[in-house]
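Data block below; observations after.
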Amino acid sequence: MVDLDLLVDLHRDGERQGPGGDDETRQSIALSGLRGARDLRVADIGCGTGASTLVLAHELDASVVAVDLLPDFLRRLDRAAERERLGERIATLAASMDALPFVDRSFDAVWSEGAIYNMGFERGVRAWRRFLKPEGVLAVSDLTWLTSNRPAALEEHWMEEYPEVATASAKIAVLEESGYTPIGYFPLPERCWLDNYYRPLQDRFAGFLSRHGHSEAARRIVEAEDREIALYERFSRFVGYGYFVARRDED
Ligand code: SAH
């Protein structure tokens, strides 16, 4: 099995494939000012198994297009949407976030939780802007420095893994320079990482390893996840996910 198949197998049964929380999605909705608006069109990019998609479809009067590269994740979302009677509101689409088949100015909002790093924050916010109607809303969470100074070991790790990690003010400046007016920011609380993402992931390690006969490739994946979790536990005061909400400027 190649590593991607293994990663899918490890993450497919998770409610989330990254840090987040239903309350925090609701908080971003509150900041967006879209509650109460009628008949919205919303995209949720890099939706994984769709934790945020389900909240968006419940809370907004919207049809939501949920996009992910991996059809395995989307199948789980399709089943959850049926179960929660949201099948009419949620459409899933297997596509890459850097080649979206959308019409310009066709969405009232673009959401993306913990996924824009796959394109890079700046490339992503610039590429997705054209899909928004004038004054449409962008809501993204991305890895963010919480303080202006960090321990060197932490800085080295993330600069290697994701060089666009930056302070909230730097990310807000990128939004301003990319044609948006920032309207809100908040950091995800620690429980979005630990209770909602890392603990359930750790609970799946044993089953994952035994499904794959404790192969070296499977063990390597678990070890890498364990290292990332230990790093987060040690340094959660300095790094986290920032949630950024912004409105498209007029041209
Ligand atoms: N938003 C979800 C998933 C975050 S994990 C959550 O918060 O739980 C990042 C997601 O991005 C994964 O589901 C992964 O399959 C998806 N992804 C990675 N590269 C992608 C690409 N090029 N286009 C679309 N989705 C991608």
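Each ligand, and each atom within it, is numbered from 1 in the order the structure gives. The analysis underlying the following values was restricted to heavy atoms, covering all of them including side chains, and did not include hydrogens, waters or symmetry mates. These numbers come from a predicted model, not from an experiment.
Residues Ser28 and Trp111 bring a donor and an acceptor atom of their side chains to less than 3.5 Å of each other. When only modelled atom types and interatomic distance are considered, Glu225 and Tyr198 share no side-chain donor-acceptor pair under 3.5 Å. Between the side chains of Glu122 and Ser178, no donor-acceptor pair of N or O atoms lies under 3.5 Å.
Each of Glu15, Arg75, Gln17 was scored for a side chain to side chain donor-acceptor pair (under 3.5 Å) with Thr49, with one residue passing: Gln17.
Regarding atom 7 (O) of ligand 1, its nearest protein heavy-atom neighbour is Glu113 O, 3.5 Å. Among protein heavy atoms, the minimum distance from atom 25 (N) of ligand 1 is reached at Leu69 N, 3.3 Å.
Selection from Asn118, Leu93, Leu74, Asp72 by nearest heavy atom to atom 11 (O) of ligand 1 gives Asn118. Nearest to atom 1 (N) of ligand 1 by heavy-atom distance, out of Ser96, Ala94, Gly46, Ala95, is Gly46. Comparing heavy-atom distances from atom 23 (N) of ligand 1 across Glu15, Met97, His11, Arg16 singles out Met97 as nearest.
The residue Ala51 has no part lying near ligand 1, judged by heavy-atom distances below 4.0 Å.
At least one heavy atom of Asp68 sits closer than 4.0 Å to an atom of ligand 1. Every heavy atom of Val67 sits 4.0 Å or more from the atoms of ligand 1. Using a non-hydrogen distance threshold of 4.0 Å, Ser52 does not register as a contact of ligand 1. Taking a 4.0 Å cut-off on heavy atoms, Ser112 fails to register as neighbouring ligand 1. Within the structure, the closest approach of Gly114 to ligand 1 falls below 4.0 Å when heavy atoms are considered.
For ligand 1 and Leu70, the ligand atoms under 4.0 Å from any heavy atom of the residue are 15 (O). Within ligand 1, counting atoms from 1 as listed, the ones closer than 4.0 Å to a heavy atom of Gly18 are 8 (O). Listed by number with element, the atoms of ligand 1 under 4.0 Å from a non-hydrogen atom of Gln17 are 3 (C), 5 (S), 6 (C), 8 (O). Annotation for ligand 1: atoms under 4.0 Å from non-hydrogen atoms of Phe73 are 13 (O), 15 (O).
The 12-atom threshold is not exceeded at CG of Asn149, counting heavy atoms of other residues, nucleotides or ligands nearer than 6.0 Å. More than 12 heavy atoms of other shown residues, nucleotides or ligands fall within 6.0 angstrom of atom CZ in Arg35.
A donor-acceptor contact shorter than 3.5 Å is absent between the side chain of Arg247 and the backbone of Ile183.
Residues Trp145 and Trp158 meet the side-chain proximity criterion, which asks for heavy atoms closer than 4.5 Å. Within the 4.5 Å cutoff, side-chain heavy atoms of Glu113 are placed close to those of Arg16. Using a 4.5 Å heavy-atom threshold, the side chains of Glu24 and Arg191 count as touching.
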